[in-house]
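Have a look at the structure below, then the notes.
These numbers were taken from a predicted model, which means no experiment stands behind them. All residue numbers refer to positions in the sequence shown, counting from 1. Hydrogens, waters and symmetry mates are skipped; everything else that's a heavy atom, side chains included, is used.
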Amino acid sequence: MTLNPLANPKGVKLCCELCSKPAFIFCTKCRVTYYCDAEHQAIDWIGIHEKICQLLIPLRMPVPFISGSEKERQYQKQQQNLRQKQMIELTQTAGQKLLFEGKYEYAIPAAMQSLKFSIAVYGLDSIHLVPSYLILGEACIGLGRLKQAEDYLSQAQWTVLKTPECENDIKSRLYRNLGMMYATQGNDDEALRYLAEDIYHASLAFGPDDIRTSGGYFHMANVFYRKDKLDVAFSLYSQLTTMWYDHLLMLVKQRIRVPPPPTGIGPAQGTQQDEDFDFLDEAEGAEAVQILNAILEVREKQSSSTPSVLLKVYFTLAMLYLVLQDKTLAKKFSEKATEMASKGVSMEAGQSRVMMEVQKAIKSS
């Protein structure tokens, strides 16, 4: 961190990365990012800057004049555009992960970066800006800044409405955010209406049992749980557990299956490689942790919970943490599931064999 307002280039107004106020501090690692004070620099560093510090240098340094051919200039422009698109994906994933972790203050810098790059690539009126608005809106909901959340979500909603070709996955995320906002305001009827729209559009985009549809079910279940409509809430929680159980079981089976015999001769022989595995990205992993631990907390509070239901939640969490390579938590939940099974709690068909394989994988990892 450096405080040196006299070092600003003559005639250039330097603005804070977070609030756009006059900046006097700059990052000494990249030297192209400025802040009004140390607090904003710390928030930005934790939120996103640590991940993108060095990546910002080629994007923010003055572009040298290229005296070469038009083809060379077009190539440089294409490379810049590609870097910006990669930054959009990186910052949006980081922001979404922070939301699932409940780190709303730190999600804002990531969302602001994604918004800046989206505007640079697509312009001010593009549908591609909506995911950034939604992260900002959800972060403000989490922080209780509902007026700001309404502003961001209104901008997102207006952009969606004037874009007839808007895809269903973007619509589902918009409706989910609107449902969450109304739930925070205590307007449960409107919350459930928008969450139903979320589930509908996510189902069209991915299918009703896809994990990318699970967020709508989760927030809907929470509304019913708060309204003390426990039968509906627990039915939805069971559906959510099954959705994640099936998806994680598929991922775990990829990891514990016996690889096919090698082909070829010597070091060139073919083997099953790790890159053949499907993975959870950072945001998906954080969402799974959020949903499944919340379901576990609800289930453990209910003395009437069916033991087999609780066992399934434990086993699903064991698989999740195995996939996330958290050996300690994978072992913890695997042991909880095994303990329940040893007491005579019935297991689903084939679950016992997979559980043993999971335990082997934990021990060998």
Side-chain angles (χ1 to χ4, degrees), residues 51 85-86 88-101 131 167-170 172-173 176 199 201-218 238-263 269-296 312-334 337 348-365:
K51 287 189 172 185
K85 288 182 177 180
Q86 290 171 339
I88 293 170
E89 182 177 356
L90 189 159
T91 53
Q92 286 181 0
T93 300
Q96 196 64 59
K97 176 178 182 286
L98 290 163
L99 289 180
F100 289 133
E101 293 174 343
E167 297 180 353
N168 282 305
D169 64 329
I170 292 180
S172 78
R173 292 166 63 185
R176 186 173 307 172
I199 294 168
H201 287 285
S203 297
L204 290 178
F206 310 114
D209 298 319
D210 192 279
I211 59 168
R212 288 166 289 186
T213 309
S214 65
Y217 287 116
F218 177 62
S238 292
Q239 184 175 353
L240 279 162
T241 303
T242 297
M243 291 167 70
W244 279 101
Y245 173 90
D246 290 343
H247 186 75
L248 291 165
L249 183 61
M250 180 267 294
L251 298 184
V252 167
K253 284 182 175 179
Q254 289 180 346
R255 286 155 175 76
I256 63 178
R257 68 189 176 197
V258 178
T263 59
Q269 64 186 8
T271 57
Q272 184 67 37
Q273 301 295 323
D274 286 349
E275 55 262 29
D276 293 335
F277 294 161
D278 291 314
F279 291 91
L280 296 175
D281 67 27
E282 283 190 336
E284 290 171 339
E287 182 178 26
V289 169
Q290 178 199 41
I291 290 175
L292 293 172
N293 278 287
I295 292 174
L296 175 63
K312 187 171 183 177
V313 177
Y314 286 144
F315 186 44
T316 305
L317 279 162
M319 292 193 295
L320 170 62
Y321 287 113
L322 177 63
V323 170
L324 296 180
Q325 299 182 31
D326 187 329
K327 181 179 178 180
T328 301
L329 287 176
K331 182 179 179 182
K332 170 187 171 181
F333 287 109
S334 174
E348 295 182 4
Q351 196 177 72
S352 178
R353 184 190 65 80
V354 176
M355 186 181 293
M356 288 190 292
E357 294 292 341
V358 167
Q359 291 169 342
K360 288 181 184 177
I362 292 170
K363 289 178 181 179
S364 63
S365 62

* To do: Check side-chain hydrogen bond (donor to acceptor under 3.5 Å, both in side chains) between Gln359 and all other residues, then give those that pass, not counting sequence neighbours.
  => Ser334, Thr338
* Could you check if a side-chain atom of Ile291 sits within less than 4.5 angstrom of a side-chain atom of Tyr217, using non-hydrogen atoms only? => no
* **Residue of the set Leu317, Val313, Thr316 for which side chain to side chain contact (heavy atoms under 4.5 Å, CB included) holds with Tyr245** => Thr316
* Asked: With a 4.5 Å heavy-atom cut-off, do Phe333 and Leu296 have their side chains touching?
  -> yes
* **Asp210 CG to Met243 CE distance, which is reported to the nearest 0.5 Å** => 7.0 Å
* For Asp209, all residues meeting salt bridge (charged side-chain N to carboxylate O under 4.0 Å, His left out), sequence neighbours excluded -> none
* To do: Can you sort out the partners of Leu204 under side chain to side chain contact (heavy atoms under 4.5 Å, CB included), two or more places apart, ordered by chain and number?
  => Asn168, Tyr200, His201
* Are Trp244 and Leu292 close enough, and set up right, to give a side-chain contact (heavy atoms from CB on, under 4.5 Å), and what steps lead you there? -> CA-CA 8 Å; Trp244 279 101; Leu292 293 172; 4.1 Å; yes
* Structure fact -> Between Leu240 and Phe218 the two heavy atoms that sit nearest each other are CD1-CA, 3.4 Å
* Provide the closest heavy-atom pair for Pro208 versus Ser203 in the form atom of the first, atom of the second, distance. => CA-OG, 3.5 Å
* Report the residues that fulfil side chain to side chain contact (heavy atoms under 4.5 Å, CB included) with Arg176, sequence neighbours left out, ordered by chain and then residue number. => Met180, Leu195, Asp198, His219, Glu287
* Mind checking side chain to side chain contact (heavy atoms under 4.5 Å, CB included) for Thr91 and listing every partner two or more places apart, or none if nothing turns up? => Ile48, Ile52, Gln113, Ser114
* Heavy-atom pair of closest approach, residues Val323 and Arg255 -> CG1-NH2, 4.2 Å
* At what distance, to the nearest 0.5 angstrom, does CG of Asp169 lie from CZ of Arg212? -> 8.5 Å
* To do: Check the pair Leu251 / Phe279 against side-chain contact (heavy atoms from CB on, under 4.5 Å), numbers first and verdict last.
  => CA-CA 7 Å; Leu251 298 184; Phe279 291 91; over 6 Å; no
* Thr213 side chain to Gly207 main-chain N or O, any donor-acceptor pair under 3.5 Å? -> yes
* Structure fact -> For Glu282, the side-chain hydrogen bond (donor to acceptor under 3.5 Å, both in side chains) test, sequence neighbours excluded, returns Lys51
* Sequence neighbours left out, what passes side-chain hydrogen bond (donor to acceptor under 3.5 Å, both in side chains) with Ser238? Give chain and number order. => Arg299
* **Worked check of side-chain contact (heavy atoms from CB on, under 4.5 Å) between Leu248 and Ile211** => CA-CA 10 Å; Leu248 291 165; Ile211 59 168; over 6 Å; no
* **Shortest non-hydrogen contact between Thr242 and Lys312, atoms and distance** => OG1-NZ, 3.0 Å
* To do: Compare every heavy atom of Ala202 with every heavy atom of Ser172, then report the nearest pair and how far apart it is.
  => CB-N, 3.5 Å
* Asked: What pair of heavy atoms forms the shortest contact from Ala330 to Tyr321, and how long is it?
  -> N-CB, 3.5 Å
* Under the side-chain hydrogen bond (donor to acceptor under 3.5 Å, both in side chains) test, residues paired with Asp281 that sit two or more places apart -> none
* To do: Return the set of residues passing side chain to side chain contact (heavy atoms under 4.5 Å, CB included) with Ala286 (not counting sequence neighbours), or none when no residue passes.
  => Lys97, Phe100, Glu101
* Asked: side-chain contact (heavy atoms from CB on, under 4.5 Å) between Arg173 and Gln96: does it pass, once the steps are laid out?
  -> CA-CA 11 Å; Arg173 292 166 63 185; Gln96 196 64 59; 4.0 Å; yes
